[in-house]
Amino acid sequence: MAEFNGSPRGEGRRIVVVASRFNEGITMPLAEGAVGALVGQGVKFEDIDVLWVPGAWEIPVAVRRALATERYDAAVAVGAVVRGDTPHFDIVAGETSRGLMDAMRDFDVPVTMGVLTTDTMEQAEARAGGVHGNKGVDASMAALEMLDLFDQLTPPEEFEGDE
């Protein structure tokens, strides 16, 4: 039985990080964590682009536009949607995650989810460098692991003479 497992290798990768400005006290550490993790795994700093968008709602369309350029091997999305008193949270959180999944499926490249969906700001802070780590780091590591896994699944070229 073949078994495949990706490693977070960043050498030769070009990555876009799409980050929401809304809740900037949370999203800035997420974006910094995402970029730091990529560089720490061998992605050249100049091979990382960061796109800042107004809010989580705008992240999927920015990811799609970036991937349409064919410059990027993967996209890392970071943002923070914190529950309020209205159903707005459910709409933004649900449609943002759906939009990111659609982009991943449509472009056939890793699009990772570092968009926090929490009940409170305290929960968001705990996941943006606090006691629960930094989900921007986790999203970058997941993107690199998926890229390595995809490399392993690339079909070998046909041997010449095999007819």
Run K44 and V39 through side chain to side chain contact (heavy atoms under 4.5 Å, CB included) and show every step you take.
CA-CA 6 Å; K44 291 180 185 174; V39 171; over 6 Å; no
Distance, nearest 0.5 Å, that separates [atom1] of [X] from [atom2] of [Y]:
X	Y	atom1	atom2	result
S20	W57	OG	CH2	13.0 Å
Y72	R14	OH	CZ	5.0 Å
I59	M113	CD1	CE	8.0 Å
E32	L30	CD	CG	9.5 Å
R127	T118	CZ	OG1	7.0 Å
E125	T120	CD	OG1	8.0 Å

For a salt bridge (charged side-chain N to carboxylate O under 4.0 Å, His left out) check, start with the C-alpha distance between D49 and R71, then their side-chain angles and the critical distance, and finish with the verdict.
CA-CA 10 Å; D49 291 336; R71 284 190 293 220; 5.1 Å; no
Under 3.5 Å, side chain of [X] to main-chain N/O of [Y], donor-acceptor pair present?
X	Y	answer
Q123	D119	yes
N134	V137	yes
T27	A19	no
S97	G94	yes
S7	R9	no

Side chain to side chain contact (heavy atoms under 4.5 Å, CB included) with V43: of I48, D73, V35, only one passes, and it is I48
Hey, which of V16, V63, D106 is the one that makes side chain to side chain contact (heavy atoms under 4.5 Å, CB included) with V111?
V63
Let me check something: do L147 and L153 share a hydrophobic cluster, defined by ILVMFWY side-chain heavy atoms less than 4.5 Å apart, either directly or through other members?
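Different clusters.
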Do V109 and M101 sit in one hydrophobic cluster, given that two such residues count as connected whenever their side-chain heavy atoms are within less than 4.5 Å of each other, even indirectly?
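Result: yes, single cluster for both.
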Looking at every heavy atom in both [X] and [Y], which two are closest together, and how far apart are they?
X	Y	answer
S140	L38	OG-CG, 3.5 Å
F107	R64	CZ-O, 3.6 Å
V76	I15	CG2-CG2, 4.0 Å
A80	V115	N-CG1, 4.4 Å
D108	F150	O-CE2, 4.2 Å
A2	F4	CB-CE1, 3.8 Å

Carboxylate-amine/guanidinium contact [X] [Y], below 4.0 Å:
X	Y	value
D90	R83	yes
E95	R98	yes
D151	R13	yes

Answer yes or no: are there more than 12 heavy-atom neighbours, outside E46 itself, under 6.0 Å from its atom CD?
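Result for CD/E46: enclosed.
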Over 12 non-hydrogen atoms of neighbours within 6.0 angstrom of CZ in F22:
no
Determine whether Q152 and D148 satisfy the following criterion, side chain to side chain contact (heavy atoms under 4.5 Å, CB included), listing intermediate values before the conclusion.
CA-CA 6 Å; Q152 294 174 46; D148 188 56; 3.1 Å; yes
Step by step, work out the side chain to side chain contact (heavy atoms under 4.5 Å, CB included) result for L149 and N5.
CA-CA 6 Å; L149 180 65; N5 192 4; 5.9 Å; no
Evaluate the side chain to side chain contact (heavy atoms under 4.5 Å, CB included) criterion for residues E58 and V18: first the C-alpha distance (whole Å), next the side-chain angles of each, then the deciding distance (0.1 Å), finally the verdict.
CA-CA 9 Å; E58 292 79 21; V18 181; over 6 Å; no
Within the 4.5 Å heavy-atom criterion, are V81 and L116 side-chain neighbours or not?
no
